[in-house]
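What follows is a short report on a single structure.
Heavy-atom basis, side chains included; hydrogens, waters and symmetry copies ignored. Numbering starts at 1 and runs along the sequence shown.
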Amino acid sequence: MNGLYELPLIFFTVLAQSAVGAWLVFTFVLLGEKNEKSQSYIHKVMFVILAILGLGFIASVMHLGTPVRAFNSLNRVGESMMSNEIASGAVFFGLAGLYWLIAILGKMPAFLGNVWRILTALIGLCFMYMMNQVYHIISVPTWNTVLTSWLFYLTVALGGLALAYALLMPNKQRSYQLNFVPGLFAFAVLCAAVVCIYQGFHLQGIHSAIQNAAALVPDYAVMTAVRLCLLAIASFLLFRARNVGLLWGSVVLTFVAEGIGRALFYGLHMTYGMAIGS
């Protein structure tokens, strides 16, 4: 796959989007969870979300080369989508991490905790919007399309739902129900399949004098089929599995599947200097 040269960005986008998606589910669950032992469990496993987000940011720094470049990229906040992405991501990470620290120490008041989580979730959504907008580049017709938004936001749903379900289901003290998660995940898989099929046809309409955009990813059909099969297996595990190991298997399958989709996405980079849309 041509897109593997952007491996750090693949890790960053997939892991960050999944972490934000999981935070949204955790925020929803904690709004209705009153059992203190259950809340304590949720706050403990919340660290996994922060760890995954942290790994994503480490991958991002690897892409930039040095941490200094990451700080320098903040110089154009408000003017550059990349600067906005990094700034909103840093704020989300900071708020989420500080909330977790206060909550794990048992010092977070219930009302403030609800407000804090919701505010952090909103910042997370802003982070996802900025990340999406980074790739809507006018000179890159293969990226500057609504399909890019669908691909990115579906990863938020798929990765977030799988991760949150694997973390929250083993909680023996829980009073919440997560019956909606497998169904939502399956619906997101269906949407992903529709987007992949539509994108396959859409690529045929973008070409240069010597090359069709579809030629940039000659293995698109095969790798998309592999991706969708992995997501289908992950969906089956979410519906059927009660074993923690199998639930985490669904998370791994989802991450790998979305990594494949993201590699195909980066492999589609083509500028107007090289391509025109018909």
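Using modelled atom types, one finds a donor on one side chain and an acceptor on the other under 3.5 Å when comparing Asn171 with Tyr176. Using modelled atom types and a 3.5 Å distance limit, the side chains of Thr13 and Arg262 yield a donor-acceptor pair. In this structure, a donor-acceptor pair under 3.5 Å is absent between the side chains of Gln17 and Tyr153. When only modelled atom types and interatomic distance are considered, Ser149 and His136 share a side-chain donor-acceptor pair under 3.5 Å.
No more than 12 heavy atoms of other residues, nucleotides or ligands lie within 6.0 Å of OH in Tyr198, so this atom counts as exposed by the packing criterion. The 12-atom threshold is exceeded at CH2 of Trp248, counting heavy atoms of other residues, nucleotides or ligands nearer than 6.0 Å.
For the residue pair Val29 and Ile42, the shortest heavy atom distance occurs at CG1-CD1, 4.0 Å. Listed here is the closest heavy atom pair of Thr254 and Ala234: OG1-CB, 3.5 Å. Nearest heavy atoms, Ser235 versus Ala186: OG-CB, 3.7 Å. Of all heavy-atom pairs between Phe152 and Asn132, the closest is CD2-CA, 4.0 Å. Phe185 and Leu158 make their closest contact through CE1-O, 3.3 Å (heavy atoms, listed as atom of the first residue, atom of the second, distance). Between Pro182 and Leu238, the shortest heavy-atom contact is CG-O, 3.7 Å.
In this structure the side chain of Ile260 never reaches within 4.5 angstrom of the side chain of Thr224, judged on heavy atoms. Side-chain contact check for Leu55 versus Phe11: every heavy-atom pair is 4.5 Å or farther apart. Residues Met81 and Tyr135 form no side-chain contact, since every pair of their non-hydrogen atoms from C-beta on lies 4.5 Å or further apart. Counting heavy atoms from C-beta outward, Leu53 and Leu15 have side chains that stay 4.5 Å or more apart. Counting heavy atoms from C-beta outward, Leu167 and Val48 have side chains that approach closer than 4.5 Å. You'll find the side chain of His269 stays beyond 4.5 Å of the side chain of Ile137, heavy atoms only. Using a 4.5 Å heavy-atom cutoff, the side chains of Glu258 and Arg227 are in contact. Side chains of Ile10 and Phe265 form no contact here, defined as non-hydrogen atoms less than 4.5 Å apart.
Put simply, the side chain of Ser88 gets close to the backbone of Glu85: a donor and an acceptor are under 3.5 Å apart. With hydrogens and angles ignored, the 3.5 Å screen pairs a side-chain donor or acceptor of Ser18 with a backbone N or O of Val14. With hydrogens and angles disregarded, no donor-acceptor distance shorter than 3.5 Å links the side chain of Thr27 to the backbone of Ile118. The backbone N or O of Val222 sits nowhere less than 3.5 Å from a side-chain atom of Asp219 that would complete a donor-acceptor pair. Not a single donor-acceptor pair under 3.5 Å links the side chain of Ser60 to the backbone N or O of Gly56.
With ring centers used as reference points, Phe239 lies 6.0 Å or more from Tyr165.
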Quick one: do Ser250 and Phe236 satisfy side-chain contact (heavy atoms from CB on, under 4.5 Å)? Show the steps, please. CA-CA 8 Å; Ser250 70; Phe236 175 80; over 6 Å; no
Please output the side-chain donor-acceptor pairs of residues 100-116 that fall under 3.5 Å, not counting sequence neighbours, one pair per line with the distance.
from	atom 1	to	atom 2	distance (Å)
Trp100	NE1	His43	O	2.8
Asn114	OD1	Arg117	NH2	2.2
Trp116	NE1	Leu95	O	3.0

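The hydrophobic cluster containing Val194, built from Ile/Leu/Val/Met/Phe/Trp/Tyr side-chain heavy atoms closer than 4.5 Å, comprises no other residue.
Separating the OH atom in Tyr99 from the CG atom in Leu119 is a distance of 12.5 Å, to the nearest 0.5 Å. Atom-to-atom distance recorded for Met130:CE and Ile123:CD1 is 9.5 Å, nearest 0.5 angstrom. Note: Glu33 CD to Arg174 CZ = 10.0 Å, rounded to the nearest 0.5 Å. With rounding to the nearest 0.5 Å, the separation of CE in Met131 from CE in Met128 is 4.0 Å.
At a threshold of 4.5 Å between side-chain heavy atoms, the hydrophobic network of Ile, Leu, Val, Met, Phe, Trp and Tyr places Phe180 and Trp23 in one connected group. Under a hydrophobic-cluster definition in which Ile, Leu, Val, Met, Phe, Trp and Tyr are linked whenever side-chain heavy atoms come within less than 4.5 Å, directly or via other members, Leu98 and Val20 are assigned to the same cluster.
Note: Phe127 and Phe57 have parallel aromatic rings, judged against thresholds of 30 and 60 degrees for the angle between ring planes.
Paired with Leu231 under the rule side-chain contact (heavy atoms from CB on, under 4.5 Å), one option of Val256, Leu154, Val189, Leu253 passes, and it is Val189.
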